[in-house]
Protein chains: 2
Amino acid sequence: MTKTFFEEINSNSPTGVAYKNVNLKKKVISYFANTGNATIAELGKELNLSIPKITSLLGDLIQDGLVRDHGKIDSTGGRKPNVYGLAPDSGFFLGIDVKRNHINIGLTDFQKNLVSSIEKYAYRLSNNEESLQELCQIINDFIKKLPIPKEKILGIGINLTGRINYSKGYSYSFFHFYEDPLSQVIESQVGIKVFLENDSRAMAYGEFCSGVVNNEKDVLFLNLDYGLGMGVMINGQLYYGKSGYSGEFGHMPLFQNEIICKCGKKGCLETEGSGWALIEMFKERIQAGATTLIAREGFKPEDLKLEDIIEAAQNDDVLAIELIAKVGEKIGRGIALLINIFNPELVILGGSLSSTEEYILLPIKSAINKYSLSLVNNDTQLKVSNLGEESGVIGACLLVRHRLLALEHI
Amino acid sequence: MTKTFFEEINSNSPTGVAYKNVNLKKKVISYFANTGNATIAELGKELNLSIPKITSLLGDLIQDGLVRDHGKIDSTGGRKPNVYGLAPDSGFFLGIDVKRNHINIGLTDFQKNLVSSIEKYAYRLSNNEESLQELCQIINDFIKKLPIPKEKILGIGINLTGRINYSKGYSYSFFHFYEDPLSQVIESQVGIKVFLENDSRAMAYGEFCSGVVNNEKDVLFLNLDYGLGMGVMINGQLYYGKSGYSGEFGHMPLFQNEIICKCGKKGCLETEGSGWALIEMFKERIQAGATTLIAREGFKPEDLKLEDIIEAAQNDDVLAIELIAKVGEKIGRGIALLINIFNPELVILGGSLSSTEEYILLPIKSAINKYSLSLVNNDTQLKVSNLGEESGVIGACLLVRHRLLALEHI
DNA sequence: ATAACTTATTAAAATTCTTTATTAAGTGGC
DNA sequence: GCCACTTAATAAAGAATTTTAATAAGTTAT
């Protein structure tokens, strides 16, 4: 009985009562993680357990340092209850969000607080060994500068674009040079357990746990960036599909065009409605003589970044606004399709393109009205992400917590 | 403690231990319903309960007549265990599958056995009160002729095309004349609790429970008929979406054409790849002078039914085969899209068009290869429904069981 | 055919959990 | 400021479950 919760969770002797207690403790922690602090009575009702039982579970968890008594709160007349919640400093999680032209990196405590973070750290994602080494270097440097000891970091979550098999730790689109799973390779360089995740799914998770999602259970998160990604939450849980490749929103065959997509196929939504497509359209229009804030002195078309166009739009550049609307209309048709299929409660627009707010939102809305069944889309709210660039990092951290504790979602 | 399971399930006094026991009994019944008969030891392992506990739960359930001791089975060396399972005759469920030009109706026992059924009973679905009255009449007649007393029928499941709100019992596409939910209207005419369900979802459920689905947890079922419907199973459970309107496969906006769909929009998959579309194409070709087995003496284009074309194809009619392939190619693009989105383990082709087997399967397969990401579609098996016309009835019956017992899926 | 080994079931003991009762802590009306 | 009323937490009693042990019923090898 002197085992800590972490030992219990990994000990594979699920013998009757001990096993049940581990599960109950998981449920308690899950409740704290999802819903926040709670009183003994609340936990008792939620988990259908008696008050003495909850008291004893909390006692164990407090002894393990995972839970803390946060003192009394107001009652509705009567003795004030104590509230309990996760001990923030009982462990930390590192999240790394690898983008094409930069990295976001951050650390959360055992609750969902972002303790330390760097946004848009300079990094260029290339599919070669140097780029991987640089990534590991950045992680190690970040850890060194943290105000907490390395041992307190319980795990690292890394988001990458493309196909990721999260359970095996393989990445197929980037850094696929070794026999061993990429997660192991990085693990051996950093010395902390590593979990990989698809970037859009991690962003979605961040948004689910501490973003615009309130009580919605069936939610789509769209990552509108160079490519298009999607994270799906069904019945309050992330959906993976058989091997974790679900959500290939950008590669829905929606067009009958001859543009070859990055994936090798033709007609993908990404070929006409994505950051890539936006850049191509922009270049063409500039070459055709269109005027824009961007194409001033020394402008090189090959250096044009998505961020430049977004910035231009935010500075009222007419061409940028016009082309974003065009892209938005096509993405909107894709979203309309998804609404017909999923009948979701909420669709979240995230990714860098979503930061253009109304410029992309309006054409998407009108396309949804045009292309989806009204009875179905009446059910669906459409919101723009409120975590923005942070969603990936927070999602990565929280997913690590989720996996290490084998948490549940309510 | 003298309450039966059915009383317990509806008594809303979830006081501690009694509440837990009801839940455990549900789990036992769910296990029997999903997996079949089981020994005490198996149940103990599955539910993490001790053998004496399982023994006492089974004792109660046997006393209520829901469970029966089915005697001893072979062991792998050692004393032979008793197997327990649902008592088939402890209750029955009626399922009605309303198609456009006929009705399938059947009765299952408490296990999944189809006790009595009528396939393709003449009925013409029209959106008026006489048609509804006729439907009720057919149900009442069927009940009268059954070899079991009416009181033994615990509930009725009715499948309808179109948008159904299953939890409220409303049908929006058919029989929407009254204030009261349609389920209540029928209930008052028949005198047995009625549940409505979308036809494709019910067929999917039938296929999940006793069709081609083995252990797959993420499955898509496609109902290829006049229109196109879909039932989605995620993590072993039917997916509904916010209000039960999910799965509108036929109304995915995949085309840029000017054909007005039944839903009022343009460009839906159904306008070019569906039974409706097939009939239209067929008529056009006949009018353009094409030869076919169908267009013999006295042929009236307005009477052409989907079944006629399917039958012609099965008799090697070249035109039918050619046009089915054309429709299949378009449906295949839709399926490819779904594979990219869901990364399912299994896709099932059902509905009347699926009975053309290879004629529709091959073009669908080649479209999947053409339009979906190979890493993703490598994961996905494609199978043709093996229940055929029966899937709807069985699904309807089993869904009633599921709801009345508030069963779980494992 | 019998010993040695498996597996199932029942019985009794031990533990765990829930109930109920009691004490503690606080609110609000008069 | 006291009394009636709430709610919370603890303690003791009682009920329910799991453990352990014992018994029953088989199989397989020698």
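In this text the structure is predicted, and so the values were computed from the model without any measurement. Because only heavy atoms are used, hydrogens play no part in the values below, and waters and symmetry mates are left out as well, while side chains stay in.
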- For B:Q381, does the CD atom sit with more than 12 other heavy atoms under 6.0 Å from it, leaving out its own atoms?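 Counting neighbours around CD of B:Q381, more than 12 heavy atoms of other residues, nucleotides or ligands fall under 6.0 Å, so yes.
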
- Kindly check if the number of other-residue, nucleotide or ligand heavy atoms within 6.0 Å of NZ (B:K152) is above 12?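 Yes - once you tally the heavy atoms of other residues, nucleotides and ligands closer than 6.0 Å, there are more than 12.
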
Separation of [N] [atom2] from [X] [atom1] (nearest whole Å):
X     : N      : atom1 : atom2 : value
A:Y19 : D:dT19 : OH    : P     : 13 Å
B:K53 : C:dA12 : NZ    : P     : 20 Å
A:N21 : C:dT15 : CG    : C1'   : 12 Å
B:L49 : C:dT16 : CG    : P     : 17 Å
B:D69 : C:dA8  : CG    : P     : 14 Å
A:I54 : D:dA9  : CD1   : P     : 12 Å
B:I51 : C:dT9  : CD1   : P     : 8 Å
A:L58 : D:dA9  : CG    : C1'   : 13 Å

- Message: Could you check whether B:E207 pairs with B:K383 (Lys NZ or Arg NE/NH1/NH2 to Asp/Glu carboxylate O, under 4.0 Å)?
- Response: no

Between [options], which nucleotide has the shortest distance from any of its atoms to the side chain of [X]?
X     : options                : result
B:I40 : D:dA8, D:dA11, C:dT9   : C:dT9
A:K80 : D:dT18, C:dT18, C:dT27 : C:dT27
A:V17 : D:dT19, C:dT18, D:dA24 : D:dT19
A:K20 : D:dT19, C:dC17, D:dT17 : D:dT17

- Does B:R79 get its side chain close enough to the base of D:dA25, under 3.5 Å, for a donor-acceptor pair?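 Side chain to base: no pair present.
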
- Determine whether the aromatic ring centres of A:Y166 and A:F195 lie less than 6.0 Å apart.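 So the answer is no for these two rings.
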
- Query: Under a 4.5 Å cut-off applied to non-hydrogen side-chain atoms, are B:V67 and B:L58 in contact?
  - Reply: yes

- Message: Please tell me if A:N82 has a side-chain N or O lying less than 4.0 Å from either OP1 or OP2 of D:dA9.
- Response: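 Yes.
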
